[in-house]
Asks: 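Dropping the structure in here first, questions after.
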Amino acid sequence: MKFTLYVFLFSSLFMHSQTAIEVTLAQTKPLKVSAFIDTDAPETTYFINNNEFSKQTDSQTLHYTNLQLGAISSANTFNPLRLNIFYKNFNTVMILDNRLSEIYKIDFNTITPYRSPSYISTGYDNTFWIFNDNTQQLELFDYKTNTLRAASTPINSEVLDMVSNYNWCWLLTKDFIYQFNYVGSLVQKIKNEGFTKLDESNENLILKKENSLFYLKKGTTAFIRLNLPDLLIKQFLLTNQTLYIYDLKNLNQFHLITP
């Protein structure tokens with residue numbers, strides 16, 4: 001009798017840990033661009049198309065191009081008043097205002113000591129997080145004073161993705177998922193179970209594995225699969241309880257029912 005009870009309790013616990021998160025499709029709108037970046041729908045959508053960064057609203061579309069710096073490697077819109085556009089091939093970051101006008105240029109080729117960032121993400125104040133390939137360290141860089149405010153210990157694993165807010169930075173590597181605080185101290189380290197991309201909202205993570213998405217709740221280590229319809233996941237974005245998925249043809253908006 002006890003054995004049967006133990007089996008039942010174990011099975012219930014296992015099933016609970018594997019429960020998928022249900023999603024509800026709220027809206028689909030056509031979108032054909034090179035890369036979807038961000039949205040606070042229905043007001044504003046940011047995207048890259050033909051190496052041009054754009055901000056689209058109901059009333060207008062603003063564009064930014066810089067042909068001298070080549071291809072755009074990434075764009076970060078966490079702070080809509082200080083957007084950063086990263087040109088990895090030229091080791092340069094452009095800071096734009098909300099009208100997509102240039103307000104600051106950071107050319108790492110001219111800064112001592114020399115840095116070679118592979119990833120850039122917004123930090124607090126006049127900073128952004130960079131992963132420095134030269135030192136294999138995550139650094140919080142002040143672009144007004146060209147100084148470091150914080151740096152991690154060296155990361156001995158291939159970096160796949162990075163995301164941040166004003167207080168935290170998450171580094172996805174081939175082996176682990178790292179979470180660092182604003183002074184560069186490691187606060188969490190979780191084994192990577194095959195994830196290749198991630199996004200963050202309110203310290204909760206969404207991670208991509210092949211063509212599936214998983215949810216990691218703040219303060220936990222259990223990955224919960226999202227029960228999604230069959231669609232291509234080109235880019236994705238988490239905002240509170242809303243998930244956006246770009247499938248190369250449409251921007252799909254889903255509501256999540258999270259634990």
Asks: Determine which pairs satisfy side-chain hydrogen bond (donor to acceptor under 3.5 Å, both in side chains) with at least one residue from residues 79-89, sequence neighbours left out, and list them in order.
Replies: R82-N126, R82-Y143, N84-T122

Asks: For the aromatic rings, using the six-membered ring if either is Trp, is the centroid distance between Y246 and F47 under 6.0 Å?
Replies: no

Asks: Would you call K208-D161 a salt bridge at under 4.0 Å N-O?
Replies: no

Asks: Are the side chain of S152 and the backbone of Q137 linked by a donor-acceptor contact shorter than 3.5 Å?
Replies: no

Asks: Could you tell me whether the side chains of S34 and N49 share a donor-acceptor contact shorter than 3.5 Å?
Replies: yes

Asks: Without swapping roles, check the side chain of T77 against the backbone of D38 for a donor-acceptor pair under 3.5 Å.
Replies: no

Asks: Which of parallel (below 30°), tilted (30 to 60°) and perpendicular (above 60°) describes F36 and Y244?
Replies: tilted

Asks: Is there a donor in the side chain of T258 and an acceptor in the side chain of Q241, or the other way round, less than 3.5 Å apart?
Replies: yes

Asks: Within this structure, what is the CG-CD distance for the pair L31 and Q56, rounded to the nearest 0.5 Å?
Replies: 7.5 Å

Asks: Can you tell me how far CZ of F86 sits from CD1 of I106, rounded to the nearest 0.5 angstrom?
Replies: 11.0 Å

Asks: What are the two closest heavy atoms between F214 and F195, and how far apart are they?
Replies: CD1-CE2, 3.5 Å

Asks: Quick one: CZ on R225 to NZ on K209, what's the gap to the nearest 0.5 Å?
Replies: 8.5 Å

Asks: Under 30°, 30 to 60°, or over 60°: which ring-plane class applies to F78 and Y166, parallel, tilted or perpendicular?
Replies: perpendicular

Asks: Taking everything shown except L67 itself, do over 12 heavy atoms lie less than 6.0 Å from its CG?
Replies: no

Asks: Run the side-chain contact (heavy atoms from CB on, under 4.5 Å) test on W168 and E200 for me, step by step, so that the C-alpha distance in whole Å, both residues' side-chain angles and the decisive distance to 0.1 Å come before the verdict.
Replies: CA-CA 10 Å; W168 308 96; E200 175 274 340; over 6 Å; no

